[in-house]
Amino acid sequence: GQNIDQPTEMTATEGAIVQINCTYQTSGFNGLFWYQQHAGEAPTFLSYNVLDGLEEKGRFSSFLSRSKGYSYLLLKELQMKDSASYLCAVGPGNTPLVFGKGTRLSVIA
Amino acid sequence: DAEITQSPRHKITETGRQVTLACHQTWNHNNMFWYRQDLGHGLRLIHYSYGVHDTNKGEVSDGYSVSRSNTEDLPLTLESAASSQTSVYFCASSPRGGSDTQYFGPGTRLTVL
């Protein structure tokens, strides 16, 4: 079976750092994806990890440990516009991405 | 610029009616997907296609159908709309295999009364 877990909600302060965790159990693994979704909008691609380690892209970084079935998305220097849902998704292989239910992040002043 | 579009953006219909939601992409991607998104459930896969004339059932396919007659379009049909199908529907496409990065359309908000 496929199972992806991430916290439902998080709150963080503007200018701070926040880490959103994702654990997964899937029948195969061909990469882990993070998407951002603002309220009322479509998900947009943020990052992709297929090898263990940290991938940095500006204020956003994503980490993967395949042996632990674990990933996190790190957001630095939080801005109000970062308030959104963050979706973790796993590519099992030849079948489509499996999405977690998303983490709703609220950035407060 | 290449893009993926959905129409209509908003739709209100009555129980029992047939409804078709359109999805059109100009990226020439082989793979296309339909999801529904509901509070508490996240994105759930309805149907997907890996190329012309190919269609596959997803996690929540009952009551829905798709057909793929060309690369650009994957319309989603609700044969007999039910109130449980009130949701936001997203279409997505990807260039390579099933586990490749997906790019989403803007969504259709469907209300079944």
Looking at every heavy atom in both [X] and [Y], which two are closest together, and how far apart are they?
X: A:Phe33; Y: B:Asp100; value: CZ-C, 3.9 Å
X: B:Gly105; Y: A:Ala42; value: O-CB, 3.0 Å
X: B:Tyr50; Y: A:Thr95; value: OH-CA, 3.6 Å
X: B:Phe90; Y: A:Glu41; value: CZ-O, 3.6 Å

CA sep, side-chain torsions, deciding dist, call: A:Phe45, B:Phe104, ring-ring contact (aromatic ring centres under 6.0 Å, His included): CA-CA 9 Å; A:Phe45 170 73; B:Phe104 285 81; over 10 Å; no
Looking at [X], I'd like to know if its [atom1] atom is crowded, meaning that more than 12 non-hydrogen atoms belonging to other residues, nucleotides or ligands lie closer than 6.0 Å.
X: A:Arg104; atom1: CZ; value: no
X: A:Arg59; atom1: CZ; value: yes
X: A:Gln79; atom1: CD; value: yes
X: B:Ile12; atom1: CD1; value: no
X: B:Arg17; atom1: CZ; value: no
X: A:Glu77; atom1: CD; value: no
X: A:Gln19; atom1: CD; value: yes

Under 4.5 Å from any heavy atom of chain A - which part of B:Leu45: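 Contact with chain A is through the side chain of B:Leu45 alone.
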Per-residue contact mode, B:Gln37 against chain A (heavy atom under 4.5 angstrom):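 Contact with chain A involves the side chain of B:Gln37 alone.
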Distance (rounded to the nearest 0.5 Å) between B:Tyr103 OH and A:Thr44 OG1: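 Going from OH on B:Tyr103 over to OG1 on A:Thr44, the span is 11.0 Å.
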Distance (rounded to the nearest 0.5 Å) between A:Lys101 NZ and B:Leu39 CG: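 So the NZ of A:Lys101 and the CG of B:Leu39 are separated by 10.5 Å.
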Check: A:Tyr35 and B:Gln102 side chains under 4.5 Å, non-hydrogen atoms: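 In contact.
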